[in-house]
2 protein chains.
Amino acid sequence: MYRDSSGKTLEDYPRPSVAVDTAVLTVPPDEALSVLLVHNKEGWRLPGTFLHENERLADAVLRSLRQKAGVTGLAPRQLKVFDEPGRDDRGWVLSVAHVDAVPASRLDLTESDARLVPVDADELRGLPYGHGEIIEAAVAALRASYEEHPDPARLLQRPFTLRELRKLHEAVAGQPLARDTFRRLMEPQLSATGQMSTGRVGKPARLFWHE
Amino acid sequence: MYRDSSGKTLEDYPRPSVAVDTAVLTVPPDEALSVLLVHNKEGWRLPGTFLHENERLADAVLRSLRQKAGVTGLAPRQLKVFDEPGRDDRGWVLSVAHVDAVPASRLDLTESDARLVPVDADELRGLPYGHGEIIEAAVAALRASYEEHPDPARLLQRPFTLRELRKLHEAVAGQPLARDTFRRLMEPQLSATGQMSTGRVGKPARLFWHE
DNA sequence: CGGGATTAGAGCATATGCGAGCTAATCAGG
DNA sequence: CCTGATTAGCTCGCATATGCTCTAATCCCG
C-alpha cells in the first residue's frame, strides 16, 4: 500500500463523501420541458445517491435512477460539482451533478415514488442542496445541445415531421421559434423518408429521421 | 453527529480522495496558446493537489497554483470530474479538472519549477492521469468563450488594436481569421479610446478597450 | 531622402439569410 | 358535400453578411 513521505496512506487524510444527483429531463407529449423528482422521507428531490467504493460516477447515477425511479438505460453527462462544505447536515459531502434527457415514454412512473415537474415551476426554486441550481444548469446544457442539432437526445419518436421537431425545440427552448428559419437550419441535417404524414388536419407533411 | 438507519456515520463508508488539477492557459507574446506544466518527482504535470478538509475546490486550485507555480489571483472554472478508479496508483482518487486563462505577464516562472508548453505539442498527449484530456477540454472551453467575445479572460493588455485582438484570437483558435469578418463581429463590442497607435509599421490603428 | 513593405479603414459587388404572404392539401364539423 | 380552419412548402423582396480591392498612412532600410 502506498505511503507518502510522512508514512501516511491516502485514507489517513480527511476525505469528503461524494454523492451524485441527476436532473432527468423530458418533454411529455404536448407539454413543457419537465424534470424528474423522487420522493424520500425529506420530500421531493432529484434522484441521487452516495458513491460506492471504486464505483464510476455514471454507474452510481444509473444505480440511483433504477432504484429510486425505476428508470434504466440512460447516458448521464456531468454538469458541475457542488462543493459548499456546509451544504449537507450529515457531514462533508461533494455532489457531482449530472443531466440526461430521455423520451417521456421511457419513464414509467406508475410504480415508483416519482413524478415530473415542469422546469419553470416555482417549487423547483425551493429545493435544498442546490437542486434548483442543478436543474437550471441542466436546462441550459440541454438547450445548448439543441441549439443547432435536430434531436441529440433522441426525444422524438421517428419518423417525425418538421412541425413535430419544431414543437419539441420550442418545448426545450421555452419559447416559439420562427417556422422557416427553423426549417432552413434543421432540414439539411435530416433524412427524408420519402413518405408523407396522414391523419392530421392541414397539408400532409414530409416525414424525416436523422442519425 | 449524524447516523443512518444502521447506526453508521458517513465516515464509516468508503470514500475517495479528491484532487484538483488545473490547465492554466496563456498566450505568450507572438507565440501559440500554451499550458502551464509544473515539475514534480514523477515528471512534468498539470499543477494539482489533494483537497484539504472542508476546503472549496476553487480554493484548493488556488493553493496548488501558488505553491507549485508561484501564480496567484486566478479565477478557475470547473471542467469535468475524472473518476476512473484505477487512474492513480496510490488509491481511489477522483480528480476535478479546472481551467483558467491568464495573461502571460502574470506568470513569473523564473523561480519555480514550471514552464509553458504549446497546447499542440506532442508531449502533452503522453501525460498520465488524463492530463492530456484535461488540456483538450480546457482548450475547447477557452475557444468557446472566445467565439463571440473580444477578450473574456482579459489576456490582452489594454488599450489594444484590432490587429492585436485578432492575433490573440488566432492564437486561441489555432487558425487564421478573416480580417474584415473578425472586425465586424468584434468592433461593436469595443470602446474606442479616441487615440491612434504609434511606433509601428503601417497605417496607425485605432486603440480600443472593452468591458 | 525615397521607395518598398506593411497595415488600416472604407467602399462596393456579390452571396446568403429572413420573414411575410401565397398557393395547395388535408380534415372536421355543420 | 362544402366551407372554414389548419398546416406545408415555396417564392419574393428586403436585410444582412462576406470578401475583395483600393486609397491612405506609417516605418524601415538602402
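Chain letters run A, B, ... following the sequence lines, proteins first, then strands; residues in each count from 1.
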Please report, rounded to the nearest Å, how far the [atom2] atom of [N] is from the [atom1] atom of [X].
X      : N      : atom1 : atom2 : value
B:F182 : D:dG19 : CZ    : C1'   : 17 Å
A:M186 : C:dG17 : CE    : P     : 14 Å
A:E164 : D:dT6  : CD    : P     : 18 Å
A:L190 : D:dG9  : CG    : P     : 11 Å
B:R200 : C:dT6  : CZ    : C1'   : 13 Å
A:R166 : C:dG19 : CZ    : P     : 13 Å
A:E187 : D:dC10 : CD    : C1'   : 11 Å
A:M196 : C:dA24 : CE    : P     : 15 Å

Under 4.0 Å from OP1 or OP2 of [N]: is there any side-chain N or O of [X] that close?
X      : N      : answer
B:T198 : D:dT26 : no
A:R206 : D:dG9  : yes
A:T181 : C:dG17 : no

Indicate yes or no for a side-chain donor-acceptor contact from A:H131 to the backbone of A:L46 under 3.5 Å, with no hydrogens or angles considered.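 Present.
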Given B:E187, which of B:Q189, B:R183, B:R184 fulfils the side chain to side chain donor-acceptor pair (under 3.5 Å) condition? B:R183
With heavy atoms under 4.0 Å as the rule, sort [X] into base, sugar-phosphate or nothing.
X      : result
B:R163 : sugar-phosphate
A:R179 : base
A:R184 : base

Go through A:R63 and A:E55 one step at a time and tell me if the salt bridge (charged side-chain N to carboxylate O under 4.0 Å, His left out) criterion holds. CA-CA 10 Å; A:R63 174 169 56 77; A:E55 187 178 33; 2.9 Å; yes
Distance-only donor-acceptor hits, side chain of residues 119-128 of chain B, under 3.5 Å, sequence neighbours excluded:
from: B:D122; atom 1: OD1; to: B:R125; atom 2: NH2; distance (Å): 2.9
from: B:E123; atom 1: OE1; to: B:R115; atom 2: NH2; distance (Å): 2.9
from: B:E123; atom 1: OE2; to: B:R115; atom 2: NH2; distance (Å): 3.4
from: B:R125; atom 1: NH2; to: B:D120; atom 2: O; distance (Å): 3.4

5' precedence on DNA chain C between A:K203 and B:R183 (nearest-nucleotide basis): B:R183
Go through C:dG19, D:dA5, D:dG9 for me and flag the one nearest to the A:A178 side chain. C:dG19
Any Lys/Arg nitrogen of B:K167 or B:E164 sitting under 4.0 Å from an Asp/Glu carboxylate oxygen of the other? no
Do B:D180 side-chain and C:dA10 base share a donor-acceptor contact under 3.5 Å? yes
